[in-house]
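Remarks on the structure that follows.
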Amino acid sequence: MSTPKIQPPQLPKGTRDFYPESMRVQNFIFDTWRRAALRFGYEEYEGPMFEHLELYTGKSGDEIVSQLYDFTDKGDRRIALRPEMTPTLARLVIQKGNSLKKPFKWFSLPRLFRYERAQKGRLREFFQLNLDIIGTDSIFAEADLLAAITSMLFDFGLKAEDFVIGVSSRKLLNTYLQEIGTPDASKVYPILDRRLKIGKESFEMELAAAGLSKEQSEKLDQFMNCKSISDVDAIIQSEASKEALAEIQRLFGTLKAAGYADCVTLDLSVVRGLAYYTGIVFEVFDKGKSMRAIAGGGRYDSLCEKLGGSRVPGVGFGMGDVVLADLLNDHGLLPDPKQILDVYVASFTNDMDQIFKVASIFRAKGFSVSHPLAEAKLGKQMEQANNQGAKWVVYVDGDKAPEGQFEFKNLATGELGTGTPETIAKIISQ
RNA sequence: GUGAGUGUAGCUCAGCUGGUUAGAGUCCCAGAUUGUGAUUCUGGUUGUCGUCGGUUCGAAUCCGAUCACUCACCCCA
């Protein structure tokens with residue numbers, strides 16, 4: 001007899017709903033990102049949310065498949081929901097080939113998907129700001145990106161003491177590894193990445209497993225301990241290493257001139273997991289106790305080549321919305337999620353036609369306007385005005401107002417007045 | 001993939017070592033208030049106590065399994 005109760009629909013693991021309150025916060029992040037990117041002269045682009053699986057496996061090997069959403073479509077094509085934006089960007093660049101004027105600066109706010117276990121700061125669906133500069137080998141491209149990051153974080157209300165950008169160089173690491181005669185550098189990178197996490201003993205053991213002698217391992221440890229450019233300079237020998245270091249020095253010099261010296265530091269422990277980085281790599285850290293990475297990126301001069309195009313140098317970074325929102329929340333920098341409205345149009349007599357008419361007048365003046373959607377007592381209308389965050393109420397049929405004028409009320413102060421739409425508009429705008 | 005913690009109203013949670021009809025606050029709805037909201041007061045709705053099974057005269061409470069969520073590890077584009 002009784003209908004079996006069905007399971008209520010559930011939110012998929014690692015995803016979020018954006019009710020209006022969260023959407024307002026989300027849009028604050030998007031708006032701030034977009035404003036900063038545009039201010040630095042980056043142009044926005046977009047791509048599809050899914051790509052051919054090979055676009056990702058080609059770059060990072062098959063292991064990546066376990067960490068992304070993939071499926072076979074009805075045309076028997078292997079498809080993956082995009083887990084990152086850079087391969088799509090590379091595809092765009094390759095497709096247009098030489099017709100793109102270089103260098104150029106692009107940005108995007110992609111929605112990304114990764115099939116992994118959700119935890120703090122990591123979800124299965126999230127957004128990420130991407131800024132990239134394509135078509136130049138110049139270190140000043142890096143300088144531009146780091147300046148943009150810093151300026152953007154300031155926009156969010158963060159202070160120089162809240163975060164730091166750790167800068168390292170794959171080129172420098174590579175030349176130094178050659179200098180000390182490392183057999184297989186690609187095996188060493190992941191170990192360097194974990195160095196601080198695993199401790200000195202495991203570090204040495206893993207390096208030994210990668211084929212390094214005790215002497216090489218010690219040299220490397222000493223190198224990684226360098227805290228400044230002069231520390232590194234004292235250790236390195238080869239011309240190639242000196243060159244790579246000079247590049248970092250040039251970058252820091254420019255950032256200092258631009259007023260961002262406090263925000264960047266040499267940090268050789270920044271390695272980045274990705275194989276495609278070729279030069280400068282960097283990560284932005286929250287200086288709070290968690291030391292989370294808020295953003296990361298670097299130079300990838302051979303990515304386009306690896307994907308079948310010609311060599312096009314590029315440098316870029318990504319900044320996820322999840323960790324950023326957490327961080328801003330910790331600092332109390334997220335906006336009030338409540339709705340805000342300029343005007344609520346009310347009526348004593350439930351004159352709906354007049355309500356719609358007056359609402360149009362104020363909307364035409366550029367205000368956000370709401371009003372009752374059904375007949376309701378005035379008290380109810382006022383409550384609605386309040387709940388919708390209206391700053392002003394305009395009464396369409398107040399008998400204290402002369403012909404052609406309206407009574408209005410400031411909801412914050414309770415002050416009442418009368419005036420024509422023009423004078424009311426002027427008062428509201430102040 | 002591994003480990004730990006938590007599941008009671010839309011939300012935050014209480015419910016001691018098993019014992020009537022499962023509670024509070026908040027939110028929401030209505031009224032006090034038929035020409036003026038945010039305060040206050042009054043009343044009201046909301047639950048397979050995550051799910052399934054076991055122990056028991058009796059389970060939100062104890063046990064097992066399972067699912068979900070959270071956190072950490074692995075990984076991190």
Side-chain angles (χ1 to χ4, degrees), chain A residues 2 4-17 19 21 51 55-57 59-61 63-68 80-90 110 112-124 126 128 130 132 189-190 193-194 197-198 270-277 281 283 290 292-293 295-298 300 303 316-320 322-323 326 338 341 344 346-351 372 375-401 407-417:
Chain A
S2 65
K5 188 162 179 180
I6 59 162
Q7 280 292 319
Q10 269 186 328
L11 181 70
K13 198 193 282 284
T15 64
R16 293 166 289 176
D17 289 324
Y19 285 87
E21 300 97 54
E51 294 270 8
L55 184 65
Y56 306 110
T57 53
K59 191 192 78 182
S60 319
E63 290 153 42
I64 201 98
V65 177
S66 68
Q67 282 163 60
L68 47 73
L81 300 186
R82 64 184 179 197
E84 59 167 325
M85 199 56 173
T86 312
T88 297
L89 173 61
L112 303 177
F113 306 87
R114 292 178 189 174
Y115 193 82
E116 57 189 353
R117 207 124 147 190
Q119 56 181 286
K120 193 172 175 61
R122 281 173 78 180
L123 298 173
R124 291 186 163 184
F126 59 97
Q128 192 184 63
N130 275 252
D132 290 272
Y189 287 141
D193 203 17
R194 286 201 302 275
K197 226 189 277 182
I198 59 181
V270 171
V271 180
R272 310 282 299 156
L274 273 184
Y276 61 60
Y277 288 118
V281 286
E283 270 173 18
S290 70
R292 295 168 289 194
Y300 47 88
L303 179 58
F317 76 89
M319 181 186 297
V322 185
V323 173
D326 272 356
K338 286 201 184 65
L341 205 60
Y344 186 92
S347 165
F348 295 105
T349 62
N350 284 301
D351 186 341
E375 298 184 353
K377 283 187 279 191
L378 193 63
K380 182 69 35 186
Q381 295 181 46
M382 295 303 288
E383 200 180 316
Q384 253 184 41
N386 202 46
N387 287 339
Q388 295 180 14
K391 294 184 207 138
W392 301 85
V393 173
V394 172
Y395 306 92
V396 300
D397 45 9
D399 56 19
K400 294 190 190 77
E407 287 180 30
F408 64 94
K409 180 173 189 170
N410 179 331
L411 277 183
T413 64
E415 264 175 279
L416 292 159

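Numbered from 1 within each chain, the chains take letters A, B, ... in sequence-line order. All heavy atoms count here, side chains included; hydrogens, waters and symmetry mates do not. Owing to the predicted nature of the structure, the values given are computational and were not obtained by experimental measurement.
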Work out which heavy atom in [X] is nearest to a heavy atom in [Y]; give both atom names and the distance.
X: A/Gly398; Y: A/Phe348; value: CA-CE1, 3.5 Å
X: A/Leu112; Y: A/Pro83; value: CD1-O, 3.7 Å
X: A/Ala376; Y: A/Asn350; value: N-OD1, 2.9 Å
X: A/Ala118; Y: A/Gly14; value: CB-CA, 4.0 Å

Expressed in whole Å, how much space separates the [atom1] atoms belonging to [N] and [M]?
N: B/A14; M: B/G31; atom1: C1'; value: 30 Å
N: B/C49; M: B/G23; atom1: C1'; value: 12 Å
N: B/U17; M: B/A59; atom1: C1'; value: 14 Å
N: B/G47; M: B/U51; atom1: P; value: 13 Å
N: B/C63; M: B/A22; atom1: C1'; value: 23 Å
N: B/G18; M: B/C62; atom1: P; value: 8 Å
N: B/A65; M: B/U46; atom1: C1'; value: 31 Å
N: B/C13; M: B/C75; atom1: C1'; value: 36 Å

With sequence neighbours left out, which residue pairs that include part of residues 386-396 of chain A fulfil the side-chain hydrogen bond (donor to acceptor under 3.5 Å, both in side chains) condition?
->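 Applying side-chain hydrogen bond (donor to acceptor under 3.5 Å, both in side chains) to every pair that reaches into residues 386-396 of chain A, excluding sequence neighbours, yields A/Ser370-A/Gln388.
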Does any non-hydrogen side-chain atom of A/Met85 lie less than 4.5 Å from one of A/Asp132?
-> no
Side chains of A/Thr86 and A/Leu303: does their closest heavy-atom pair fall under 4.5 Å?
-> yes
Rounded distance (Å) that lies between atom [atom2] of [N] and atom [atom1] of [X]:
X: A/Glu21; N: B/C11; atom1: CD; atom2: P; value: 14 Å
X: A/Leu89; N: B/A77; atom1: CG; atom2: P; value: 17 Å
X: A/Arg272; N: B/C75; atom1: CZ; atom2: C1'; value: 13 Å
X: A/Glu116; N: B/A72; atom1: CD; atom2: P; value: 13 Å
X: A/Tyr56; N: B/C76; atom1: OH; atom2: P; value: 18 Å
X: A/Tyr276; N: B/C76; atom1: OH; atom2: P; value: 13 Å
X: A/Phe113; N: B/C76; atom1: CZ; atom2: C1'; value: 18 Å
X: A/Asp17; N: B/G10; atom1: CG; atom2: P; value: 16 Å

With sequence neighbours excluded, what pairs up with A/Lys377 under the side-chain contact (heavy atoms from CB on, under 4.5 Å) test?
-> none
Pairing residues for A/Arg124 by the side-chain contact (heavy atoms from CB on, under 4.5 Å) criterion, not counting sequence neighbours | A/Lys13, A/Tyr69, A/Tyr115
Donor-acceptor pair under 3.5 Å, A/Arg114 side chain vs B/C75 base | no
List in chain and number order the residues that pass salt bridge (charged side-chain N to carboxylate O under 4.0 Å, His left out) with [X], two or more places apart in sequence or in another chain; answer none if no residue qualifies.
X: A/Arg272; result: A/Glu283
X: A/Arg82; result: A/Glu46
X: A/Glu407; result: none
X: A/Arg117; result: none

Which listed nucleotide (B/C76, B/U70, B/A72) is nearest to the side chain of A/Gln119?
-> B/A72
Given B/C74, B/U70, B/A77, which nucleotide is nearest the side-chain atoms of A/Gln67?
-> B/A77
Check the pair A/Gln384, A/Tyr344 against side chain to side chain donor-acceptor pair (under 3.5 Å), reporting the backbone distance first and the verdict last.
-> CA-CA 9 Å; A/Gln384 253 184 41; A/Tyr344 186 92; 2.8 Å; yes
Nearest-nucleotide 5' precedence on RNA chain B, A/Lys197 against A/Ala118 |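 Looking at the nearest nucleotide for each, A/Ala118 comes out on the 5' side.
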Specify the residue among A/Gly121 and A/Ile198 whose closest nucleotide of RNA chain B lies further upstream toward the 5′ end.
->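 Its nearest nucleotide being more 5', the pick is A/Gly121.
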Sugar-phosphate or base contact per nucleotide [nucleotides 34-39 of chain B; S, B, -; heavy atom under 4.0 Å] | -BBBB-
Which part of the nucleic acid, if any, lies within reach of A/Arg82 when heavy atoms closer than 4.0 Å are counted: base, sugar-phosphate only, or nothing?
->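 Here A/Arg82 touches no strand at all.
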Polar atom pairs (N or O), protein with nucleotides 65-69 of chain B, under 3.5 Å:
residue, atom, partner, partner atom, Å
B/C69, OP2, A/Lys13, NZ, 2.6

side-chain contact (heavy atoms from CB on, under 4.5 Å) between A/Val322 and A/Arg16, intermediate numbers included = CA-CA 11 Å; A/Val322 185; A/Arg16 293 166 289 176; 4.0 Å; yes
Output all residues satisfying ring pair (Phe, Tyr, Trp, His ring centres under 6.0 Å) with A/Tyr300, sequence neighbours left out; order by chain, then residue number.
-> A/Tyr276
Which atoms of nucleotides 4-8 of chain B (N or O only) lie under 3.5 Å from a protein N or O atom, and what are those distances?
none

Sort by first number and list every stem of RNA chain B: at least 3 consecutive Watson-Crick or G-U wobble pairs, both distances under 3.5 Å.
-> B:1-7 with B:67-73, B:10-13 with B:23-26, B:28-32 with B:40-44, B:50-54 with B:62-66
With respect to the phosphate group of B/C74, does any side-chain polar atom (N or O) of A/Arg194 fall under 4.0 Å of OP1 or OP2?
->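 Looking at the OP1 and OP2 atoms of B/C74, neither is under 4.0 Å from any side-chain N or O of A/Arg194.
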